[in-house]
Amino acid sequence: MHPMLNTAVKAARRAGAVIVRALPDVDRLRVETKSRHDFVSEVDRRAEELIIDTLRGAYPDHAILAEESGSTAGNDYEWIIDPLDGTTNFLHGFPQFAVSIALRHRGRLEQAVVFDPLRNELFSATRGDGAQLNGRRVRVSRTADLDSALLGTGFPFRHGDDVAQWIGFFERVALRTSGVRRAGSAALDLAYVACGRLDGFWETGLKPWDVAAGLLLVREAGGLAADLFSDADPVTTGHVLAGNPRVFQLLHERFQTP
Ligand code: IPD
Ligand code: CA
Ligand code: CA
């Protein structure tokens, strides 16, 4: 395993242990509201501190972009961290959340870890080296038509989100696929595309830490992941379309049609 990936795995497992330990007492956690419907708990912060300590211990010069503490300048390497993706699920005891850590070098995604601490599922990828689930190679599904496809998405829920646009996308696929799931962790949604549990995924308005690791996982698993509207980098825009190559293409066509 690449040493930088190894460090990211160590960091993700440490954070995962903190998250799982806190779960039984989730009702007693201190929770703040960042904006309406957007929460952060002391567990998010503690997990993020642990991740940053672990990464900085090994690579003190690397830059950091972390959801709860923001950016720290550094050299050409940048860690992109979501200490707990699926905070709302976590706060409700709904068992779907993950730790997400990616490494970019000069803007290119190099390493990725998405860790589901409840199922002990560790998704990882190094650019050019494929994607793995608990050390075993994974690939995107072979589903070749929308009718057989299971899709993931994220519903709008924040003030100002474009509900009409999401409904427009949904209308274009609703009766044409096997189903659409809203599981509540974009990082895991993308990891599930990478290992073939989902055939495709779309969501808008995401942040770099929600998607950076998941995008590399999908691409390294043989899938396609891009901006939903343009050629821009989806890490920056947060508008993501992903899938196995065929489902990606079919969704892209459907979403382009007025
Ligand atoms: C959220 C999850 C969710 C997505 C939201 C994200 P958080 O991340 O990824 O699936 O729909 O847009 O903010 O806030 O739980 O880290
Ligand atoms: Ca997130
Ligand atoms: Ca988060």
Side-chain angles (χ1 to χ4, degrees), residues 12 80 82 85-86 89 95-102 109 111-116 118-119 121-155 166 169-170 172-174 176-229 233-235 237-255:
I80 305 179
D82 191 333
D85 185 57
N89 282 350
Q96 183 78 357
F97 42 79
V99 180
S100 176
I101 303 175
L109 292 166
Q111 313 289 345
V113 175
V114 172
F115 179 49
D116 172 346
L118 284 180
R119 298 183 181 86
E121 289 192 325
L122 186 105
F123 299 87
S124 61
T126 293
R127 188 175 59 80
D129 237 11
Q132 265 109 37
L133 166 52
N134 291 343
R136 295 177 72 134
R137 187 76 189 253
V138 288
R139 286 174 211 285
V140 291
S141 71
R142 294 195 185 158
T143 305
D145 59 286
L146 280 185
D147 284 310
S148 325
L150 183 63
L151 305 180
T153 187
F155 304 145
W166 186 86
F169 285 137
F170 182 63
R172 278 173 249 180
V173 295
R176 292 190 158 84
T177 67
S178 293
V180 179
R181 302 285 181 265
R182 197 297 188 239
S185 161
L188 273 184
D189 291 335
L190 287 164
Y192 282 15
V193 172
C195 71
R197 292 176 188 165
L198 290 173
D199 304 297
F201 167 78
W202 88 93
E203 185 167 349
T204 59
L206 292 163
K207 300 288 187 200
W209 43 81
D210 299 318
V211 298
L215 292 170
L216 184 63
L217 285 170
V218 170
R219 290 171 183 153
E220 286 301 320
L224 295 175
D227 182 85
L228 192 47
F229 305 105
D233 181 357
V235 176
T237 65
H239 307 317
V240 174
L241 177 63
N244 78 33
R246 182 67 187 140
V247 169
F248 177 95
Q249 187 198 341
L250 292 168
L251 284 176
H252 192 258
E253 283 164 15
R254 289 225 63 78
F255 288 164

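The first residue of the sequence shown is numbered 1, and numbering continues consecutively from there.
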Would you check if the side chain of W166 reaches a backbone N or O of G154 as a donor-acceptor pair within less than 3.5 Å? yes

Checking the side chain of D189 only, and the main-chain atoms of G152 only, is there a donor and an acceptor separated by less than 3.5 Å? no

What heavy-atom pair brings [X] and [Y] nearest, and what distance separates the two atoms?
X	Y	answer
A187	D85	N-OD2, 2.9 Å
A186	F201	CB-CZ, 4.3 Å
A98	L188	CB-CG, 3.6 Å
W202	T153	O-OG1, 2.9 Å
R127	E220	CA-OE2, 3.4 Å
F97	G86	CB-O, 3.7 Å

Contacts of type side-chain hydrogen bond (donor to acceptor under 3.5 Å, both in side chains), residue R246, not counting sequence neighbours: Q249

Distance in Å, [X] [atom1] paired with [Y] [atom2], rounded so as to fall on 0.5 Å steps:
X	Y	atom1	atom2	answer
E203	H239	CD	NE2	11.0 Å
I101	F115	CD1	CZ	10.5 Å
R181	L150	CZ	CG	5.0 Å

For a 4.5 angstrom cut-off between non-hydrogen side-chain atoms, does L109 reach R219?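 They are in contact (side-chain heavy atoms under 4.5 Å apart), so the answer is yes.
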
Check: T237 and L228 side chains under 4.5 Å, non-hydrogen atoms: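 Of all side-chain heavy-atom pairs linking T237 with L228, none is under 4.5 Å.
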
Show me the donor-acceptor pairs, under 3.5 Å and distance only, between side chains in residues 207-218 and residues at least two apart or in other chains.
unit_1 : atom_1 : unit_2 : atom_2 : d
D210   : OD2    : K207   : N      : 2.8

Determine all donor-acceptor pairs shorter than 3.5 Å in which one atom belongs to a side chain in residues 133-146; sequence neighbours excluded.
unit_1 : atom_1 : unit_2 : atom_2 : d
N134   : OD1    : L122   : N      : 2.8
N134   : ND2    : N120   : O      : 3.2
S141   : OG     : D199   : OD1    : 2.6
S141   : OG     : N244   : ND2    : 2.9
T143   : OG1    : D199   : OD1    : 2.7
D145   : OD1    : S148   : OG     : 3.0
D145   : OD2    : D147   : N      : 3.3
D145   : OD2    : S148   : N      : 3.1
D145   : OD2    : S148   : OG     : 2.8

Answer yes or no: is there an ion pair linking E121 with R197, defined by an N-O contact shorter than 4.0 Å? yes

Hey, mind stepping through R176 and L250 against side-chain contact (heavy atoms from CB on, under 4.5 Å) and telling me if it holds? CA-CA 11 Å; R176 292 190 158 84; L250 292 168; over 6 Å; no

Is the F123 ring parallel, tilted or perpendicular to the Y192 ring (thresholds 30°, 60°)? tilted

Tell me whether the rings of F169 and F255 are parallel (<30°), tilted (30 to 60°) or perpendicular (>60°).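 F169 and F255: tilted rings.
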
